[in-house]
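First up is the structure itself, then whatever we jot down about it.
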Amino acid sequence: MEKIVINGGTPLFGQVEISGSKNAALPIIYACALVKGKCVLENIPAISDITYSFEILKGIGAKIKMLDKTTYEVDCTDIQPCSSDYDMVRRIRGSYYLLGAEFGRFGKAKVGLPGGCNFGVRPIDQHIKGFEALGGTTSTEGGYVEINSENGPVGANIFFDVSSVGATLNIMIAATLAEGTTVIENAAREPHIVDCANFLNSCGARISGAGSNVIKIKGVRELYGCTYAIIPDMIEAGSFMVAAVATRGSVKITNVIPKHLESISAKLEEMGATIEEFDDAVHVTASGTIKKTNVKTLPYPGFPTDMHPQMSALLCTAEGTSYVNESIFENRFRYVEELKRMGAKIKVDGRIVYIEGGTPLTPAPVIATDLRGGIAVMIAALTAKGRTEISEIKLIERGYDNIVAKMQALGADVKKIVVPDADDLEQAN
Ligand code: EPZ
């Protein structure tokens, strides 16, 4: 079993380059299944969610060629719909974008229900609502979602009950090849939705309004291959910004789009950090006392829910009592118990996490409860003087490209170790 070991208490100093966005790369990779041709995708992050997604597409007949460390050629000319591997699909959440792509191109789809971080119920009713509005007949039986139609998707007006990122992307993907025009209202506005729309338009789609609450998709007959560079990962960038402030360091974070980080920068400046913005970088510095603050997670451009656990770790080092109000997911609090093991004065009441700062965190054996809970305990460990061991680190590597090396380059005393687990010991005896 692998663990991450951190000897904390040292400020982070230096420069780190951010990788491509996981949550933009996922929908774009599956959207390649709409295209009878070759797409070249640049700035792809080296993380396991992406590896799984390429395996899923190869499993239905796609040809995937790695051109360099971050560039891939994806050729979905000869894919077979309704044939993806159930066990592979359930390993990640983003696999459900294959539904929109198969339905859009073939007029039918059959994909196992997705997996992903365990935040309690993660319904897909808005996805289903959208597919049915586009003329699909859906069923969710035996662990699969199935969509059928007479002649493929037909353009429609859809008003989402919830501004769902996944549903907005899935319906946008499906509507790209629909007969007629689709209008999505109460659409989510995240940068990765804009990125996917830009990719599809580069393939010949006719999408407008992405990034606003109303997205219009004029169906086209077919798409052609293109070359496209994925945007930088705003949550990876935000995680390093928070780590810089938590350790009272000074870090220049490059290959970012500062506009995507505005809500995070505003919060950190409110707490007393200094943030210098460049065209494609931010320089974050903090020292001494950091002020408490309160956070409410909201759809973009509000404060991202994917930065909630990281902020809780930072607020443990602030003076005074803060809170984080998690308005998006009903249960993304499992990381709280791990911070408590490190001495955090933190508790959850309903959907609000209360954090009493001012007491330094102390090392303890902890686990990554999920992707962002994992980076949160890494940040906590960076502030705690002494040795912290973190298990279940595969959950961190799902979404953070080369995280140990990036932290080491900033002066952190962090390494990955392999420890024999019970199975290994049993085999050894
Ligand atoms: C995407 O998840 C991201 N995952 C999540 O990032 C992110 O936290 C989330 O968007 C919000 O920004 C990927 O992009 C792979 P939603 P998604 O649909 O699409 C409710 C990470 O750490 N909802 O916007 O699943 C839902 O329960 C991950 O990178 C419905 O009610 O999020 C939630 O309360 C974690 N019905 C809210 O909407 C639906 O049909 C937002 O969910 C769909 C969602």
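All ligand and atom numbering here is 1-based and tracks the order in the structure.
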For this session: Specify whether Tyr96 and His127 have parallel, tilted or perpendicular ring planes, treating 30° as the upper limit for parallel and 60° as the lower limit for perpendicular.
Result: tilted
Problem set entry | atom 43 (C) of ligand 1 - nearest protein heavy atom and its distance | Pro123 O, 3.3 Å
Seminar exercise, completed: When distances are taken from atom 13 (C) of ligand 1, the protein heavy atom at minimum range is Asn23 OD1, 3.4 Å
For this session: List every atom of ligand 1 that sits less than 4.0 Å from any heavy atom of Arg93, numbering the atoms from 1 in the order shown and giving each element.
Result: 25 (O)
Problem set entry | Sub-3.5 Å N/O-N/O distance, Phe329 and ligand 1 | no
For this session: Number the atoms of ligand 1 from 1 as they appear, then name those within less than 4.0 Å of a heavy atom of Arg332, with their elements.
Result: 8 (O), 22 (O)
Problem set entry | Option nearest atom 18 (O) of ligand 1 (shortest heavy-atom distance, choices Ser95, Ser164, Gly94, Gly399) | Ser164
Exercise. Can you list the atoms of ligand 1 that are under 4.0 Å from a heavy atom of His127?
Worked result: 40 (O)
Exercise. Just checking, any donor-acceptor pair under 3.5 angstrom between side chains of Ser327 and Asn325?
Worked result: no
Exercise. How far is atom 2 (O) of ligand 1 from its nearest protein heavy atom, and which residue and atom name does that atom have?
Worked result: Arg122 NH2, 3.4 Å
Seminar exercise, completed: In this structure, atom 10 (O) of ligand 1 is nearest to the protein heavy atom Val165 CB, 3.6 Å
Exercise. Is atom CZ of Arg341 surrounded by more than 12 heavy atoms (other residues, nucleotides or ligands) closer than 6.0 Å?
Worked result: no
Exercise. Under 3.5 Å, N or O to N or O, is Leu26 touching ligand 1 that way?
Worked result: no
Seminar exercise, completed: The atoms of ligand 1 lying under 4.0 Å from a heavy atom of Lys22, numbered in the order shown, are 21 (C), 29 (O)
Exercise. Of all the non-hydrogen atoms in the protein, which one sits nearest to atom 40 (O) of ligand 1, and at what distance?
Worked result: Gln126 N, 2.8 Å
For this session: Would you please say whether a donor-acceptor pair under 3.5 Å links the side chains of Glu42 and Thr227?
Result: no
Seminar exercise, completed: Short version for Ile328: what comes under 4.0 Å of ligand 1, heavy atoms counted, is both
Exercise. Using the ring of each side chain (for Trp, its six-membered ring), is His308 parallel, tilted or perpendicular to Phe333, with breaks at 30° and 60°?
Worked result: tilted
Problem set entry | Cationic N near anionic O, under 4.0 Å, Arg332 to Asp306 | yes
Exercise. Can His192 be said to touch ligand 1, with heavy atoms closer than 4.0 Å?
Worked result: no
Exercise. Hey, is Glu397 close enough to Lys416 for a salt bridge, meaning N to O under 4.0 Å?
Worked result: yes
Problem set entry | From OH (Tyr144) to CG (Leu113), nearest 0.5 Å | 10.0 Å
Problem set entry | Check: Asp306 N/O within less than 3.5 Å of ligand 1 N/O | yes
Exercise. Which value, rounded to the nearest 0.5 Å, describes the distance between Ile173 atom CD1 and Thr168 atom OG1?
Worked result: 10.5 Å
Exercise. According to the interplanar angle, ranging from 0 to 90°, do the rings of Phe103 and Phe131 count as parallel (below 30°), tilted (30 to 60°) or perpendicular (above 60°)?
Worked result: perpendicular
Problem set entry | Asp233 bridged to Lys22 by N-O distance under 4.0 Å | no
Exercise. Are Lys345 and Glu356 close enough for a salt bridge, meaning some N to O gap below 4.0 Å?
Worked result: no
Exercise. Does a salt bridge link Asp75 with Lys65, judged by any charged N lying under 4.0 Å from a carboxylate O?
Worked result: no
Exercise. Under 4.0 Å from any heavy atom of Leu371, which atoms of ligand 1 are there?
Worked result: 22 (O), 29 (O)
Exercise. Can you find an N or O of Ala167 that's nearer than 3.5 Å to an N or O of ligand 1?
Worked result: no
Seminar exercise, completed: Numbered in order shown, the ligand 1 atoms found under 4.0 Å of a heavy atom of Thr305 are 8 (O), 11 (C)
Exercise. With atoms numbered from 1 as shown, which atoms in ligand 1 lie under 4.0 angstrom from a non-hydrogen atom of Ile124?
Worked result: 39 (C), 40 (O)
Exercise. Phe160: heavy atom below 4.0 Å from ligand 1, yes or no?
Worked result: no
Exercise. If you measure from CG on Leu395 to OG on Ser48, what distance do you get to the nearest 0.5 Å?
Worked result: 8.5 Å
Problem set entry | Within-cut-off N or O pair, Asp125 and ligand 1, under 3.5 Å | yes
Problem set entry | Atom pair CG (Leu371) and CD1 (Ile92), whose distance is rounded to the nearest 0.5 Å | 12.0 Å
For this session: Run the numbers for me: atoms of ligand 1, each under 4.0 Å from some heavy atom of Gly166, listed by number.
Result: 18 (O), 19 (O)
Exercise. Tell me, which protein residue and heavy-atom name are nearest atom 17 (P) of ligand 1, and how many Å apart are they?
Worked result: Tyr96 OH, 3.5 Å
Exercise. Nearest protein heavy-atom contact for atom 22 (O) of ligand 1: which residue, which atom, what distance?
Worked result: Arg372 NE, 2.8 Å
Exercise. Ligand 1 versus Glu236, non-hydrogen atoms closer than 4.0 Å: side chain, backbone, both, neither?
Worked result: neither
For this session: Look at atom 38 (O) of ligand 1 and say which protein heavy atom is nearest, naming residue and atom and giving the distance to 0.1 Å.
Result: Val162 CG1, 3.2 Å
